[in-house]
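See below for the structure under consideration.
Worth knowing before you read on, the calculation uses all heavy atoms, side chains too, and leaves out hydrogens, waters and symmetry mates. Below, chains carry the letters A, B, ... as their sequence lines are ordered, and counting in each starts from 1.
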Amino acid sequence: MISFEALLTHLLNGLAYGLLLFLLAAGLSLIFGMMDVINLSHGSFFMIGGFIGIGLVGVLESFWLALLATVLIVALLGLVVEVALLRPLYYRSHLDQILLTFGLALILEDGAEWIWGTRIQSLRVPEALTGSVEIFGAVVPVYRLAVLAAGVLLGAALWYVLERTRLGSIIRAGVADREMTAALGFNIPVIFAGVFVFGVALAAFAGFMAAPILGVYPGLDFQVLILALIIVVIGGLGSLTGAFWVSLLIGVTQSFGQAYFPAAAAFILYLIMAAVLLLRPEGLFKRRYA
Amino acid sequence: MVEATKPGEKAGRFPVRAGTLAVLGALGALAVYPFFGTTYMIGVLTEIMILAIFALSLGFLMGYPKLISLGHAAFFGGGAYAAGIVAVRLEAANLFLTLVCALVFATLLAVLIGVLSLRNTGIYFLMITLALAQLVYVVAEQWTWLTGGTDGLVGIPYPELFGFFSFDRFSFYYLVLLLAGGAYFLLRLVTRSPFGHVLLGIGSNERRMRAIGYGTRVYKLAAFVLSGAVAGVAGALWAHYNGIVAPVDVNWPLSATALIMVIVGGAGTLVGPMLGAAVVWFLDTGLSSYTERSTMIMGAVFILFVFFARGGIAGIARSLWERFYARTGT
């Protein structure tokens with residue numbers, strides 16, 4: 001008999017996992033919406049965020065400082081990639097840029113293996129977030145709740161910035177019509193770089209927060225990249241709302257699936273995707289930002 | 001981007017003819033090689049030729065209707081599993097049986113994946129082929145009693161012919177050579193047929209082709225299925241050659257490797273991807289005995305090609321030829 005408490009535990013774990021996936025997919029979707037480029041090295045930044053985070057926690061001896069430093073370092077790396085590698089290809093076909101991010105992903109994965117080895121590394125949860133609490137009789141690790149809270153807060157902030165601020169409306173305008181936005185006097189290369197760096201920083205944040213839960217290892221990058229791709233395909237490419245709901249759905253499905261039908265867990269994911277493709281090839285949610 | 005056939009364009013005709021000569025020369029050299037070569041090198045060449053068939057199938061898809069699939073390992077691995085299952089589970093390693101089963105299975109798979117993924121274009125197509133191919137991977141990994149699960153399907157013998165001939169390393173080399181040459185000339189025939197010209201038209205401007213009155217989706221599906229079938233045959237050979245089929249043969253890094261082969265070799269030609277297969281083999285497997293960082297080197301080479309030589313090796317060869325032709329000139 002499956003108890004209500006166990007169900008609640010799996011639900012909360014799944015939601016936390018789903019929100020981490022959302023942070024990853026949101027960056028992917030935003031970059032695509034803006035630059036028409038699927039960043040195939042997005043998962044690499046997630047993985048590198050985890051690796052650098054583990055290293056920095058050891059050095060700085062503070063979870064929070066390390067989190068901040070990790071996001072900044074990876075964002076800087078993203079800036080270098082955008083300016084040095086993607087920018088020279090702006091006037092070529094988008095395929096060239098996608099191929100470039102793919103080559104980059106190969107290099108980053110092998111580089112990570114070179115620096116950090118193939119062993120799975122894990123990050124210790126900070127003192128303040130250890131242990132677990134009981135919610136309606138269900139035992140939930142405090143850290144998962146913190147991830148939930150962080151994901152909800154960031155998601156809300158993202159929505160607010162995009163929908164309610166001047167910066168957001170410039171970005172949405174750039175997504176809808178790049179040439180026109182440039183003609184209005186906005187500096188497109190700066191906006192592009194900004195969106196790319198922001199998306200990469202989100203991925204690094206998610207990777208850092210996920211490190212205590214998933215562990216970090218070379219190969220994680222492509223694993224989460226494929227999940228993020230599936231999310232944006234199901235949700236509708238360029239739709240943040242779509243990415244949000246589908247991330248939660250997939251997080252919860254994976255969590256329940258792994259607990260109760262481990263053999264079918266991976267299937268369910270792909271079956272959902274195949275069904276969506278068959279019935280609504282453009283994704284579940286209408287494209288909003290593109 | 002380099003195009004294979006441009007009727008009426010003078011400078012373009014010579015490299016094509018040169019390409020054909022190069023292919024015939026290479027086939028001839030490969031045919032006599034085993035009489036001098038070492039057993040090790042015969043194995044290496046067999047492996048490269050199988051991968052070349054695989055790269056050729058993707059190159060056809062990427063060069064003519066310009067469909068960029070990142071899930072081509074599904075057909076290669078699908079064919080490999082079909083052949084392996086027939087050979088091991090049914091204990092029938094008859095060449096025709098395993099090849100036909102691989103061909104049929106890969107074809108069906110390509111119809112299924114093609115119908116689903118060709119509803120979208122461009123980047124969507126790339127992502128959807130990737131995700132659907134991963135579904136095939138999950139099936140191969142989870143359906144343990146049939147596929148052997150993560151351990152793979154082991155003990156696949158070299159094929160035999162109705163009990164009176166069994167292939168060995170030497171004769172298998174020739175079988176692969178025959179099929180590689182056959183696949184090349186088949187696709188060459190296809191790309192030069194009216195059908196192939198329609199595919200090329202779709203690749204350069206699909207909307208215009210539709211306006212002229214072509215049902216482009218059917219053409220694209222046909223090209224996709226043909227490409228999948230060829231990849232399936234390569235997979236069957238791969239299974240016989242390695243003696244094992246494992247989930248890694250359906251997994252996406254293999255699709256990615258094929259994509260790299262096509263880009264490095266040169267999309268838009270048929271010879272290019274096959275050359276690309278050889279180059280990538282040396283970068284990947286060849287270098288891995290000297291350095292652990294072969295993936296990184298491959299990634300860097302790939303990026304260099306994307307940046308500076310988008311036409312691949314075939315493109316470089318062509319522009320060298322044209323420069324030479326212009327100097328000796330008419």
Side-chain angles (χ1 to χ4, degrees), chain A residues 28 32 36-38 40-41 85 88-89 92-114 118 218-219 222-223 225-234 236-237 262-271 273-278 280-283, chain B residues 1 62 66 68 70-71 112-113 115-139 141-144 149 251-253 255-257 259-260 262-264 267 284 291-308 310:
Chain A
L28 195 69
F32 173 78
D36 272 341
V37 169
I38 279 293
L40 292 178
S41 58
L85 294 176
L89 297 183
R92 295 234 225 131
S93 100
H94 294 306
L95 177 66
D96 286 16
Q97 299 181 37
I98 295 168
L99 292 176
L100 180 97
T101 62
F102 174 65
L104 185 67
L106 289 179
I107 293 179
L108 290 177
E109 184 185 34
D110 210 31
E113 200 181 305
W114 197 2
T118 49
F222 286 113
Q223 217 169 309
L225 173 70
I226 286 176
L227 280 177
L229 287 180
I230 291 175
I231 288 169
V232 292
V233 165
I234 298 180
L237 210 46
F267 273 122
I268 300 172
L269 190 63
Y270 290 108
L271 284 183
M273 188 189 64
V276 168
L277 286 180
L278 203 58
R280 277 183 73 99
E282 72 280 12
Chain B
M1 184 150 290
M62 283 172 62
K66 302 229 166 38
I68 318 296
L70 199 45
L112 211 66
I113 292 183
V115 165
L116 275 176
S117 56
L118 285 169
R119 294 161 67 113
N120 290 287
T121 53
I123 298 158
Y124 297 82
F125 177 77
L126 181 145
M127 292 165 59
I128 290 162
T129 47
L130 170 63
L132 288 174
Q134 287 310 103
L135 175 59
V136 178
Y137 165 76
V138 173
V139 172
E141 201 189 25
Q142 304 275 345
W143 203 351
T144 310
N251 206 0
W252 74 270
S255 307
T257 308
L259 182 79
I260 296 175
V262 173
I263 298 291
V264 167
D284 189 17
T291 166
E292 284 185 5
R293 299 280 73 86
S294 53
T295 310
M296 196 181 253
I297 296 169
M298 190 160 79
V301 169
F302 178 67
I303 285 186
L304 287 178
F305 268 97
V306 169
F307 254 94
F308 302 112
R310 197 53 185 76

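Atoms CZ and CZ, on Arg92(A) and Phe307(B) in that order, are 7.0 Å from each other to the nearest 0.5 Å. Within the model, atoms CG of Leu95(A) and CZ of Arg310(B) stand 5.5 Å from one another, a figure rounded to the nearest 0.5 Å. Annotation: the span from Phe222(A) atom CZ to Gln134(B) atom CD amounts to 11.0 Å, rounded to 0.5 Å. Atom CD1 of Ile260(B) is separated from atom CG of Leu99(A) by 9.5 Å, given to the nearest 0.5 angstrom. Rounding to the nearest 0.5 angstrom, the gap separating the CG atom in Asp96(A) from the CZ atom in Phe305(B) is 14.0 Å. We find the CD1-CE distance between Ile107(A) and Met296(B) to be 7.0 Å, quoted to the nearest 0.5 Å.
Counting heavy-atom pairs closer than 4.5 Å to chain A, the top-ranked of the candidates Leu130(B), Ile128(B), Val301(B), Val115(B) is Ile128(B). When the candidates Leu259(B), Val139(B), Ile297(B) are compared by the number of heavy-atom contacts under 4.5 Å with chain A, Val139(B) comes out ahead. Per-residue counts of heavy-atom pairs under 4.5 Å with chain B were compared for Ile226(A), Ile230(A), Val232(A); the largest is that of Ile226(A).
Residue Leu85(A) touches chain B through both its backbone and its side chain, counting heavy-atom pairs closer than 4.5 Å. Contact of Leu100(A) with chain B is made through backbone and side chain together, with heavy-atom distances under 4.5 Å. With a 4.5 Å cut-off on non-hydrogen atoms, Glu141(B) does not touch chain A at all. Of the two parts of Ser294(B), only the backbone, made up of N, CA, C and O, holds a non-hydrogen atom closer than 4.5 Å to a non-hydrogen atom of chain A.
Considering only residues two or more places apart in sequence or on other chains, Asp284(B) meets the salt bridge (Lys or Arg N to Asp or Glu O under 4.0 Å) condition with none of them. Applying the side-chain contact (heavy atoms from CB on, under 4.5 Å) test to Leu126(B) and every residue at least two apart in sequence or in another chain returns Ile68(B), Leu70(B).
Shortest non-hydrogen contact noted between Phe302(B) and Gly103(A) is CD2-CA, 3.6 Å. When all heavy atoms are compared, the tightest approach of Ile303(B) to Leu104(A) is CD1-N, 3.7 Å.
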